[in-house]
Amino acid sequence: MYFLQLFSLFNVDFSELKAGQTAMYLIRKYAVDKESSKVLLEWFEPYEDFLYRKRGDLKSLANKNNLSKAIFAKSSPSQDKSPYSQDLIDKMVLLIKEELHHFYQVLEIMVNRNIPFDGITAGRYAKGMLKHVTTYEPNALIDKLIIGAFIEARSCERFAKLAPHLDDDLNKFYISLLRSEARHYEDYLTLAKQIAGKDIDERIAYFAMVEAELISSPDEDFKFHSGLPV
Ligand SMILES: [Fe+2]
Ligand SMILES: [Fe+2]
């Protein structure tokens, strides 16, 4: 059980920040104005300093998941701007807040349990799906949102599978994470459908196939989202 605890906490923490970063880059590219783009980068600074530059500690990250400034949509029409900017921004900002809070919560547990913290690298999972993103808009954005939905839904499933094997505190905590990942998965899918404005079942089925291959084929890199351990 200790190995499972160590393995999952370590992986989950990194994944939580990654999930937040992915959402942040998505709205920076597609939806927000220049000033807001800067605000978003600054929001992540203390977290990235901690993870990649070993600067700061748990205290320096306390309550940093709240965003003090408002985020605005781009006003001038640009090629990448989606007609759903504001909804995209609202859902993603909420998602980022939650992921940053998850990151902090996991870190807190690790500190309390004296689990050494070190940054880890990403596995093949997300990259393996992103390779299949269409090269033109708005389809590229729709694909990225579908991928986001798969990542969140798979996290949800893996938390549910892991939870019963952990101690009571971690069990409860993973179930609480699972609930918000389920909401994130729905938000991504709703946005993908709204922006497409037409049936996207075929595209979802395509990514379901790609994703299934990634989680069911042998994978040398054992992580939260990896395939079968070799
Ligand atoms: Fe999360
Ligand atoms: Fe999530």
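Atoms within each ligand, like the ligands themselves, are counted from 1 in listed order.
Atom OE1 is the N, O or S atom of Glu16 at the shortest distance from the Fe ion (ligand 1). Note on Glu181: its N/O/S atom closest to the Fe ion (ligand 1) is OE2. For His102, the N, O or S atom closest to the Fe ion (ligand 1) goes by the atom name ND1.
When distances to the Fe ion (ligand 2) are checked against a cut-off of 2.8 Å, Glu99 contributes an N, O or S atom below that limit. Inclusion of Glu152 in the first shell of the Fe ion (ligand 1) is not supported: no N, O or S atom falls under 2.8 Å. Note on His184: not counted as a metal contact of the Fe ion (ligand 1), no N/O/S atom lying under 2.8 Å.
Under the 3.5 Å distance criterion, with hydrogens and angles disregarded, no donor-acceptor pair is assigned to the side chains of Gln21 and Tyr47. For Arg158 and Ser15, the side-chain atoms include no donor-acceptor pair closer than 3.5 Å.
The shortest non-hydrogen separation linking Asn65 to Lys97 is ND2-O, 3.1 Å.
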Checklist entry - Could you walk me through whether Glu157 and Arg154 pass the salt bridge (Lys or Arg N to Asp or Glu O under 4.0 Å) check? => result CA-CA 5 Å; Glu157 183 233 20; Arg154 189 61 66 194; 3.2 Å; yes
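A donor-acceptor contact shorter than 3.5 Å is absent between the side chain of Ser37 and the backbone of Arg28.
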